[in-house]
Amino acid sequence: MDTGENKKNDFIREIIREDLKTEKYGKKVHTRFPPEPNGYLHIGHAKSICLNFSIAEEFGGRCNLRFDDTNPEKEEEEYVNSIKEDIKWLGFDWEDREYYASDYFEQLYDFAVVLIKKGKAFVCDLTAEEISEYRGTLTAPGKESPYRNRTAEENLRLFAEMREGKYPNGAKVLRAKIDMVSPNLNMRDPVIYRILHSSHHRTGNKWCIYPTYDWAHGQSDSIEGITHSICTLEFEVHRPLYDWFIEQLGIHHPRQIEFARLNLTYTVMSKRRLLELVEEKHVSGWDDPRMPTISGMRRRGYPSEAIRNFCSRIGVAKTESTADMALLEHFVRDILNKSASRVMGVMRPLKVVIDNYPEGKTEELSAVNNPEDPSAGTRKILFSKVIYIEKDDFMEEPPKKFYRLAPGREVRLRYAYFIKCISAAKDSEGRVTELHCTYDPATKGGDAPDGRKVKATLHWVSATHCITAEARLYNSLFVKENPLDIPEGGNFKETLNPESLETLPECRVEPSLTGAKSGTVYQFERLGYFCVDADASDKKLVFNRTVTLKDDWAKIKNSGGLK
RNA sequence: UGCCCGGUAGUGUAACGGUAACACACCGGCCUUUGGAGCCGAUGUUCGAGGUUCAAAUCCUCGCCGGGCAACCA
């Protein structure tokens, strides 16, 4: 990769270019993506993944995957597997650089010993509550722990005993000795080791003391030779602490750069809240297609390329911001429009009998698979006397801008014929149950030789040939643009959208979909993109609506712009 | 009441002392065998007040507004 001609010009790349110019780290760029394996990755992580891997690629460097697994109580192997799968699916490759903070536990321990020997760390017997009290507040200075001046020898002995398991959880901690009156609370003698008699997903029971994130993170970056440690804004106030550790230890000093995390309209983006939705069964799991997780989006049918394009387009800055879900959907449509095969399927079937069409006759018609991609070819579709059309495509008393079928009106059936509506049969409650139409044999294929026009083209399926499928229509998970914008004492779950999932079990789709493979995305013409769900079987097809097509009629209808 | 970081169309980003721009959204039109796609066009932007300068979104000062920081979480 050419390091001199990157078109992207955000503040992070600018800093890196400057460092390259001054050869702060020689000619090297090395980044990393450091997730904690305590939940599934979401679109916010995708932003960070794209950033770190793309930057490495653009500057001819490398990007590591490192699991920040310093808290055995929250971390699980299930999560590391899902994280790896998601990154791969997104299209990035860490090659053989799969690391774990837990790989460095021994080194981190030795670093702590160095600090103790320098008189820069001490074992403290204060309880968690006491430490908190001693820390002071945002406006009041802290005060020093009574254990702060233990000798290095005593600290060394105590720390070793902590490791040996001589003390119960919470009895002692190791703290850095910095400055209890610092205006930056992170510098007020932070805890760097705690006792946790807890089994770790990788080190098992080898350890009963674990480094805190603050102690592990910067040094892990240093050990890996990371040049640019890109992280989110909330770690900005930790930077002086990381710098202090690195300087005390005299080891390689990566440059930390903070950027604003991604927020998206109509969803939440914290692992804690997403976990809550999963555990309380508001969604079917981490990969529920309504979730902003990578696995949810994958299951929903979002192409990874769309996510990458989205992450690229939103850019990176230090301003807290909320990206528009509509932008993400734009990129999803953009990719799918070019790649998805078109098929016909009816969500809410309305039976139509073509009175003047011969009983028992079946015709083969030719349909284009993808007008955006001629190489996708054509396929045969079947037409017969009884068909289904979309309920929404007929109105007995059409308003002014409704172009579709209505009594006496003629429309085109895509790739088939013009049909004209003669009558509508109704049930006892006045609901339309069946339409009777006539067709014009001269319009076969969809063109009228006499040049007459119709205002609408409808999708349809042949009643005798179609197959039944289930469709799951998704709407936003929350009704509020910002689900967290709630009155005092409220809970974000109160803004959950009761209509986020609508299941339609009786859809009729064209027979070419028989045996459609899980994960494949189709465009159901005029409706949207639909992805075959993992729940689909040979017996039953299940589709997730990935995203609707843009729909001018829906806009007119919803804005009340009728008549 | 402390410290740190931010504030550019509705949203997200660009402009690096020299004509405020791009994408999405929105609105209008063209085209159309998907009310899709595509094409064309319109509206609309520098938080405020001072200062420096021939010239400020950009530099300085003071406000205002928003966010973060007081886990043995990350």
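Letters A, B, ... are given to chains in the order of the sequence lines, protein chains preceding strands, and every chain is numbered from 1. If you're wondering where the values come from, they're calculated on a predicted model, not measured in any experiment. The basis for the numbers below is simple: all heavy atoms, side chains too, and nothing from hydrogens, waters or symmetry mates.
For the P atoms, the distance from B:C24 to B:G41 is 14 Å, rounded to whole Å. Spacing between B:G44 and B:A49 at atom C1', rounded to whole Å, works out to 25 Å. Comparing the C1' positions of B:G6 and B:U13 gives an interatomic distance of 15 Å, to the nearest angstrom. The P atoms of B:A25 and B:U19 are separated by 29 Å, rounded to the nearest whole Å. Taking the P atom of each, B:U8 and B:G48 are spaced 11 Å apart, rounded to whole Å. Comparing the C1' positions of B:C39 and B:C4 gives an interatomic distance of 49 Å, to the nearest angstrom. One P atom belongs to B:A74, the other to B:A57, and the distance between them is 45 Å to the nearest Å.
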Q.
What verdict does the ring pair (Phe, Tyr, Trp, His ring centres under 6.0 Å) test give for A:H201 and A:Y79, after you've listed the backbone C-alpha separation in whole Å, the side-chain angles of each residue and the deciding distance to 0.1 Å?
A. CA-CA 11 Å; A:H201 73 112; A:Y79 295 128; 9.8 Å; no
(Q) Test side-chain contact (heavy atoms from CB on, under 4.5 Å) on A:V123 and A:Y167; report intermediate values, then the result. (A) CA-CA 12 Å; A:V123 172; A:Y167 307 107; over 6 Å; no
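A:E525 and A:Q523 form no side-chain donor-acceptor contact under 3.5 Å, judged by distance and modelled atom types alone.
Ring geometry, A:F530 versus A:F524: the interplanar angle falls under 30°, so the pair is classed parallel (tilted spans 30 to 60°). Using cut-offs of 30° and 60° on the angle between ring planes, the pair A:Y213 and A:Y242 is perpendicular. The aromatic rings of A:F235 and A:H238 sit perpendicular, their planes meeting at an angle over 60°, well past the 30° parallel limit.
If you check every strand for non-hydrogen atoms under 4.0 Å, A:F235 touches a base. Among the atoms of the strands shown, base atoms are found under 4.0 Å from some heavy atom of A:Q523. Residue A:R333 is out of contact with every strand shown, counting any heavy-atom pair closer than 4.0 Å. Counting any heavy atom pair closer than 4.0 Å across all strands shown, A:I131 reaches a base atom. Base engagement by A:P371 is indicated by at least one non-hydrogen atom pair under 4.0 Å involving a base atom. Contact annotation for A:D447: base contact, defined as any heavy-atom pair under 4.0 Å involving a base atom. Contacts of A:H459 with the nucleic acid, taken as non-hydrogen atoms under 4.0 Å apart, are absent. A:R414 comes within contact range of at least one nucleobase, with a heavy-atom separation under 4.0 Å. Contact annotation for A:E372: base contact, defined as any heavy-atom pair under 4.0 Å involving a base atom.
Legend: residues meeting ring pair (Phe, Tyr, Trp, His ring centres under 6.0 Å) with A:F159, ordered by chain and number and at least two apart, are A:Y109, A:Y193.
Checked against A:W460 for a side-chain contact (heavy atoms from CB on, under 4.5 Å), the options A:L350, A:I381, A:V352, A:I419 give a single hit: A:I381.
With a glycosidic angle more than 90° from 0, B:A21 adopts the anti conformation.
Evaluation of the side-chain hydrogen bond (donor to acceptor under 3.5 Å, both in side chains) test over residues 260-269 of chain A, restricted to residues two or more places apart or in two chains, returns A:E234-A:R261.
In terms of position along RNA chain B, the nucleotide closest to A:A416 lies nearer the 5' end than the nucleotide closest to the other residue of the pair A:I195 and A:A416. Nearest-nucleotide positions on RNA chain B place A:G446 closer to the 5' end than the other of A:L126 and A:G446.
At a cut-off of 3.5 angstrom, the base of B:U34 holds at least one donor-acceptor pair with the side chain of A:R342. Side-chain to base pairing of A:R404 with B:G35: one donor and one acceptor N or O lie within less than 3.5 Å of each other. A donor and an acceptor atom never sit less than 3.5 Å apart when one is taken from the side chain of A:E329 and the other from the base of B:C24.
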Please list each protein N or O that sits under 3.5 Å from an N or O in nucleotides 9-11 of chain B, with the distance.
| unit_1 | atom_1 | unit_2 | atom_2 | d |
| --- | --- | --- | --- | --- |
| B:U11 | O3' | A:T322 | O | 3.2 |
| B:U11 | O2' | A:T322 | O | 3.0 |

Every protein N/O lying under 3.5 Å from an N/O of nucleotides 1-8 of chain B:
| unit_1 | atom_1 | unit_2 | atom_2 | d |
| --- | --- | --- | --- | --- |
| B:G2 | N3 | A:L138 | O | 3.1 |

Q) Which dot-bracket notation, 5' to 3', represents the base pairing of RNA chain B when pairs are defined as Watson-Crick or G-U with both distances under 3.5 Å, crossing pairs as [ ], and inter-strand pairs as |? A) .((((((..((((....[..))))..((((.......)))).....(((((..]....))))))))))).....
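In plain terms, the two heavy atoms of A:S198 and A:E73 that are nearest each other are OG-CG, 3.6 Å.
Counting only heavy atoms from C-beta on, A:N9 has its side chain closest to B:A15 among B:A37, B:A74, B:A15.
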Give every donor-acceptor pair under 3.5 Å between a side-chain atom in residues 319-334 of chain A and any protein atom, sequence neighbours left out.
| unit_1 | atom_1 | unit_2 | atom_2 | d |
| --- | --- | --- | --- | --- |
| A:D324 | OD1 | A:A326 | N | 3.0 |
| A:R333 | NE | A:T548 | O | 2.8 |
| A:R333 | NH2 | A:T548 | O | 3.2 |

